Amino acid sequence: MEELLQLAASNQEKAWEVVRGNGIIAAWESIGAEINLVGSLKTGLLLKHRDIDFHIYSNPLRVSDSFRAVEQIAGHLGVQQVEFFNRAATEENCFEWHAKIADSDGEIWTVDMIHIQRGSRYDGYFEKVASRICELMTPEQKLTILRLKDETPESEKIMGIEYCRAVLEDGIRSFPEFVAWRKANPAAGIVEWMP
C-alpha cells in the first residue's frame, strides 16, 4: 500500500510540473478568469490516469477570451493537441478545452479546462465536491480508492467520482464489489454526488 501512496505523491508532483511548465494558471488569470483545481489532483487521488482538471470562471463568458488564454498555453513545446467544445448553449454554460501535454519524461497528460459562466448552474459545485471528499475521506478510504484505481484495467474508463462515491457512501472495499456497485449505479453524463 505504501507503493500506491508513493505513486500518487509522485503523480501529484509531475502534474504540478505540467501545470507550472505550461503556464496554465497564469494564462487564465491573464484574461481575468478565476481558475480552480478540481478532480483527482485536488483530492490527492491521482494514480494511473494522468488527468488534470480545472474549472475556470468568467463573467461574461466570451469565446474570444477563452481562445486568448488557450493560445498562451498552446504555445508551449509540451502541448501536443488541443480540442475545443462549445457548450455555452447547454445547461453547463461553458467552453470545454482538452489539451494533451507531454511532461519532461515524455508521458502524456490530459488537461481538462472547463471555462464556465460565473453564476451558472455548476459555478463552484465541483470545487465543493472535492473539498468535501478531502474533509471526509479517511486514510483507509484513500488507500481503498487508490487500490481500486490500481486494480482497474487500463481499458476501463471510470470517472474518479465513481470510486469516491462507492467507497465513501457505500463502503465498497474490493474490486469485485466495485464492479457490482457500478452495475447497480450506472453513471451517465455529469455525476451530481456530494459526500
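Every value quoted in this text rests on a predicted model; they were computed, and no experiment measured them.
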> Is I108 reachable from V18 through a run of I, L, V, M, F, W or Y residues, each pair having side-chain heavy atoms under 4.5 Å apart?
Replying inline: no
> Rounded to the nearest 0.5 Å, what separation is found between the CZ atom of R87 and the CD atom of E92?
Replying inline: 6.5 Å
> Considering the options N59, N93, D123, which one meets the side-chain hydrogen bond (donor to acceptor under 3.5 Å, both in side chains) requirement together with Q117?
Replying inline: N59
>> Could you walk me through whether V82 and K100 satisfy the side chain to side chain contact (heavy atoms under 4.5 Å, CB included) test, starting with their C-alpha distance in whole Å, then the side-chain angles of each, then the deciding distance to 0.1 Å, before giving a yes or no?
In response: CA-CA 6 Å; V82 178; K100 300 288 187 190; over 6 Å; no
> Any idea which heavy atoms bring S30 and A27 closest together, and the distance?
Replying inline: OG-O, 2.6 Å
>> Strictly below 4.0 Å, N to O, side chains only: are K42 and D53 in salt-bridge contact?
In response: no
> What is the minimum heavy-atom distance between G21 and H76, and which atoms define it?
Replying inline: O-ND1, 3.3 Å
> Can we say E162 and R182 salt-bridge, meaning some charged N sits less than 4.0 Å from an Asp/Glu carboxylate O?
Replying inline: yes
>> Under 3.5 Å, is there a donor on one side chain and an acceptor on the other for H55 and N36?
In response: no
>> As an exercise, state the distance from CG of N11 to CD of Q6, rounded to the nearest 0.5 Å.
In response: 12.0 Å
> Between Y163 and F178, is the gap from one ring center to the other below 6.0 Å?
Replying inline: yes
>> Quick one, C94 with E96, criterion side chain to side chain contact (heavy atoms under 4.5 Å, CB included). Give me CA distance, side-chain angles, the key distance, then yes/no.
In response: CA-CA 6 Å; C94 69; E96 269 187 46; 4.3 Å; yes
> In terms of hydrophobic clusters joined by side-chain contacts under 4.5 Å, are I158 and L46 together?
Replying inline: no
>> Can you tell whether the side chains of D170 and R165 come within less than 4.0 Å, N to carboxylate O?
In response: no
> Does one hydrophobic cluster hold both V38 and L41, with members joined at side-chain heavy-atom distances below 4.5 Å?
Replying inline: no
>> R50 vs E107, test: side chain to side chain contact (heavy atoms under 4.5 Å, CB included). Steps then yes/no.
In response: CA-CA 9 Å; R50 291 178 296 276; E107 298 284 350; 3.1 Å; yes
> Are any side-chain N or O atoms of K14 and backbone N or O atoms of D103, one a donor and one an acceptor, separated by less than 3.5 Å?
Replying inline: no
> Quick one: do the D51 and W109 side chains pair a donor with an acceptor below 3.5 Å?
Replying inline: no
>> Check whether E177 reaches the backbone of S174 with its side chain - one donor and one acceptor, N or O, closer than 3.5 Å.
In response: yes
>> Can you see whether S58 engages H115 through a side-chain donor-acceptor pair at a distance of less than 3.5 angstrom?
In response: yes
>> With a 4.5 Å cut-off on side-chain heavy-atom distances among I, L, V, M, F, W and Y, is there a chain of contacts connecting M113 to V19?
In response: yes
> Ignoring hydrogens and geometry, is there a side-chain-to-backbone donor-acceptor pair from N86 to A88 under 3.5 Å?
Replying inline: yes
> Is F85 close to I114 at the side-chain level, that is, under 4.5 Å between some pair of heavy atoms?
Replying inline: no
> So, are K48 and E151 salt-bridged, with charged N and O less than 4.0 Å apart?
Replying inline: no
>> Can you tell whether the side chains of R147 and D150 come within less than 4.0 Å, N to carboxylate O?
In response: no
>> Quick one, M137 with C164, criterion side chain to side chain contact (heavy atoms under 4.5 Å, CB included). Give me CA distance, side-chain angles, the key distance, then yes/no.
In response: CA-CA 9 Å; M137 180 174 55; C164 294; 5.8 Å; no
>> Ring centres under 6.0 Å, that's the criterion: do F67 and F95 meet it?
In response: no
>> Is it the case that over 12 heavy atoms from other parts of the model lie below 6.0 angstrom from the CD atom of Q81?
In response: yes
>> So if I apply the side-chain contact (heavy atoms from CB on, under 4.5 Å) rule between I101 and each of I52, V111, L77, which one comes out positive?
In response: V111
> Roughly how far, to the nearest 0.5 Å, is OG1 of T138 from CD of Q141?
Replying inline: 3.5 Å
>> Which heavy atom of I25 sits nearest to which heavy atom of I35, and what is that distance?
In response: CG2-CG2, 3.8 Å
> When you look at CD of E3, are more than 12 heavy atoms from neighbouring residues, nucleotides or ligands closer to it than 6.0 Å?
Replying inline: no
> Just wondering, do M194 and Y125 contact through their side chains at under 4.5 Å, heavy atoms?
Replying inline: yes
>> On a heavy-atom basis, which atom in R132 and which in P195 lie closest, and how many Å separate them?
In response: NE-O, 3.0 Å
> Can any side-chain N or O of E156 pair as donor or acceptor with the backbone N or O of T152 at less than 3.5 Å?
Replying inline: no
> Is I56 reachable from W16 through a run of hydrophobic residues whose side-chain heavy atoms are each under 4.5 Å from the next?
Replying inline: yes
> Between CZ of R68 and CD1 of I31, what distance do you get to the nearest 0.5 Å?
Replying inline: 6.0 Å
> Where is the tightest heavy-atom contact between Q12 and G44, given as atom of each residue plus distance?
Replying inline: OE1-CA, 3.6 Å
> Got a second to check how far L148's CG is from W181's CH2, nearest 0.5 Å?
Replying inline: 10.5 Å
>> Does either side chain, that of W193 or that of E169, offer a donor lying less than 3.5 Å from an acceptor on the other one?
In response: yes
> What heavy-atom pair brings L47 and A8 nearest, and what distance separates the two atoms?
Replying inline: CD1-N, 4.1 Å
> So, K142 versus T43: side-chain donor-acceptor pair below 3.5 Å or not?
Replying inline: no
>> Can you confirm whether L61 sits close enough to I116 that some side-chain heavy atom of one is under 4.5 Å from a side-chain heavy atom of the other?
In response: no
> Do you see a donor-acceptor pair shorter than 3.5 Å between the side chains of Y122 and E127?
Replying inline: no
